[in-house]
Trainee: 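Below are the structure tokens for one structure; questions will follow.
Bear in mind the structure is a predicted one, so any value in this text is a computation, not a measurement. Order of listing sets the numbers, starting from 1, for every ligand and every atom in it.
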Amino acid sequence: MAFKLPELPYAYDALEPYIDARTMEIHHTKHHGGYTAKLNAAIEGTELEGKSIEEILANVSKYPAAVRNNGGGYYNHCLFWTIMSPDGGGEPSAQMNIRKAIERDFGSFENFKKEFSDAAATLFGSGWTWLCVDKNDKLFICNTPNQDNPLMDVNDYEGTPILGLDVWEHAYYLHYQNRRPEYIANFWNVVNWHEVTKRYNDANPGASNL
Ligand code: MN
């Protein structure tokens, strides 16, 4: 019943030139692999064994720091790999619910992109920038430190993440060094909008009314 490191849905070099193969391989095998192994070690023999990762994160304030750090790391990277694709990039089409919701809540796709990019560029230290949907079907952008995420009961807001950007240095430093804004700008070339709109629809049963 232990958590398992998922396979990437594409080759390590598939996101080049925007994200390089060596970064992807180390990030997946060593970093995500490490979070997965440490999460399993942290919950082995406890009441958390057999629970879903979402259930664990929703109550994470009650558990040791190892569960918060590695449970977050496990979940965040599982999401991250799926919302990127070698066939990604561009803008979500006008037919996609996520496009309609972005225009409703941010005014325009360009405004959304700027707000998200600015949040990622100004995040201090290591963490993640997220696009989330709240229980009233409103989209919002937030940053979380370390491996925290919006599913955890440690934030003063609640939401389901549907797009996330890893802004830890391990996600970009080999190729971009200190040039985080360039990494963020290039991330938009690989965003898998089909997956983001699917996650939006799954999180939001009212989406079909858009
Ligand atoms: Mn990472």
Side-chain angles (χ1 to χ4, degrees), residues 2-43 53-54 56-57 60 64-86 88-89 116-132 141-152 154-155 159-192 195-196 199:
F3 290 103
K4 200 169 164 290
L5 178 66
E7 300 267 324
L8 287 193
Y10 38 75
Y12 287 125
D13 64 359
L15 303 181
E16 292 207 1
Y18 309 115
I19 303 183
D20 64 284
R22 182 134 172 82
T23 295
M24 287 298 295
E25 183 170 3
I26 295 171
H27 201 172
H28 179 246
T29 59
K30 306 296 183 191
H31 293 274
H32 197 188
Y35 296 126
T36 307
K38 287 176 190 164
L39 171 63
N40 286 330
I43 65 172
I53 190 63
E54 289 85 357
I56 291 172
L57 298 181
V60 83
V67 174
R68 176 172 174 173
N69 293 336
N70 297 296
Y74 173 76
Y75 177 92
N76 296 348
H77 292 86
C78 288
L79 181 147
F80 189 50
W81 311 133
T82 66
I83 58 87
M84 298 190 289
S85 164
F116 187 100
S117 298
D118 288 350
T122 54
L123 189 156
F124 183 75
S126 296
W128 291 74
T129 298
W130 304 100
L131 173 65
C132 309
I141 291 167
C142 64
N143 285 341
T144 54
N146 306 315
Q147 294 295 352
D148 285 359
N149 69 44
L151 295 176
M152 293 180 174
V154 297
N155 308 296
T160 305
I162 58 173
L163 171 70
L165 176 59
D166 188 343
V167 288
W168 283 57
E169 285 185 345
H170 70 225
Y172 65 86
Y173 211 84
L174 282 179
H175 184 70
Y176 293 99
Q177 294 85 48
N178 61 317
R179 304 188 308 278
R180 191 197 286 182
E182 201 179 316
Y183 161 66
I184 296 165
N186 278 333
F187 168 66
W188 298 111
N189 293 312
V190 295
V191 172
N192 181 351
E195 177 67 18
V196 179
R199 285 177 180 267

Trainee: If I compare all heavy atoms of L123 with all of R180, which pair ends up nearest, and what's the gap?
Mentor: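 Residues L123 and R180, closest heavy atoms: O-NH1, 2.8 Å.
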Trainee: Could you tell me how the ring of F3 sits relative to the ring of Y74: parallel (under 30°), tilted (30 to 60°) or perpendicular (over 60°)?
Mentor: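 If you compare the ring of F3 with that of Y74, the planes turn out tilted.
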Trainee: Would you check if there is a donor-acceptor pair between the side chains of N76 and Y35 at a distance under 3.5 Å?
Mentor: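 No, no side-chain donor-acceptor pair sits under 3.5 Å.
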Trainee: Under 2.8 Å from the Mn ion (ligand 1), which protein N, O or S atoms do you find? Ignore water molecules.
Mentor: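 Short answer, with waters excluded from the count: H27 NE2, H77 NE2, D166 OD2, H170 NE2.
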Trainee: Give a yes or no on whether the ring-centroid distance for W168 and H77 is below 6.0 angstrom.
Mentor: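 W168 vs H77: aromatic centres not under 6.0 Å.
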Trainee: Using the salt bridge (charged side-chain N to carboxylate O under 4.0 Å, His left out) criterion, which residues pair with D118? Sequence neighbours excluded.
Mentor: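 Testing D118 for salt bridge (charged side-chain N to carboxylate O under 4.0 Å, His left out), a comparison that skips the adjacent residues, returns K114.
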Trainee: Just how far is it from atom OG1 of T36 to atom NE2 of H31, taken to the nearest 0.5 Å?
Mentor: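 Result: 12.5 Å between the selected atoms.
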